[in-house]
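For reference, the structure discussed in these notes is given below.
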Amino acid sequence: PHADESENPQYLRPPKLLRSELTIGDEMVIMHLPPAVDGPQIQTIVQRLESLPVIESPAFRVFLSLPDVDGSATNLVESFHEFYVGHFDTYGAMIYALSPLEEWQAALGQWTAENGLPHEAVTIDETIVLAQVREVYDIVEKDGGFYAFYR
């Protein structure tokens, strides 16, 4: 073995969940499954998912694609409802909904006014705000919109 392999015990562990593409109804759905799941178990998972009314929801299908969501779990619907935050049509709508950006901008506007600066003299970097948002939420961009889930 290479030196890196012996020093890293995780190298020897199989991945917890593997990315899979399964046909649910007429659509290909990406999900993650434990490595030990075999053909008959996959058929059972597909049948169970096809029986769920929520499978038609684009948000649920995005939820299934998250790398830490086990597609074989029996509590998927409950987990989806627990972790799904919402869908946002625009980047701006998502940032404003998932952070106190509007409050920060108001406070910054007040500060610039109190200090005699034009309001555009000091701005908030939205990329930094997005990085903070991503610490709390999994964000998936799909079909021109953004889906957010609690981590």
Notebook entry, point to check: Would R151 and E135 pass as an ion pair if we require N to O under 4.0 Å?
Noted result: no
Check: Is the ring centre of F83 less than 6.0 Å from the ring centre of Y150?
Finding: no
Next item on the list: Verify the ring-centre separation between Y84 and F149: is it less than 6.0 angstrom?
Entry: yes
Item checked: Other residues, nucleotides, ligands: >12 heavy atoms within 6.0 Å of H81 NE2 -> yes
Notebook entry, point to check: With a cut-off of 6.0 Å (strictly less than), are more than 12 heavy atoms of other residues, nucleotides or ligands near CD of E103?
Noted result: no
Sub-4.5 Å side-chain heavy-atom contact between [X] and [Y]:
X    : Y    : answer
Q105 : L101 : yes
L52  : F60  : yes
L33  : L18  : no
I55  : L64  : yes
F80  : V69  : no
D70  : M31  : no
F63  : S57  : no
K142 : R61  : no

Is there a continuous path of hydrophobic side-chain contacts, each under 4.5 Å between heavy atoms, that joins [X] to [Y]?
X    : Y    : result
V129 : I139 : yes
L76  : V85  : yes
M94  : V133 : yes
V37  : L17  : no

Margin query: Within the 3.5 Å criterion, strictly below it, is a donor on Y96 or E126 matched to an acceptor on the partner's side chain?
Written below: no
Margin query: Distance alone, cut at 3.5 Å: any donor-acceptor contact between the side chains of E114 and Q110?
Written below: yes
Next item on the list: First locate atom CD of E82, then atom CG of N75, and finally report the distance between them rounded to the nearest 0.5 Å.
Entry: 8.5 Å
Margin query: Measuring from atom CD of Q47 to atom CD1 of I24, what distance do you get when rounded to the nearest 0.5 angstrom?
Written below: 10.0 Å
Checklist line | Those residues that, when tested against R19, pass salt bridge (charged side-chain N to carboxylate O under 4.0 Å, His left out) (two or more places apart) | finding: E21
Check: With L108, which residues qualify under side chain to side chain contact (heavy atoms under 4.5 Å, CB included), at least two apart?
Finding: W111, V122, I124
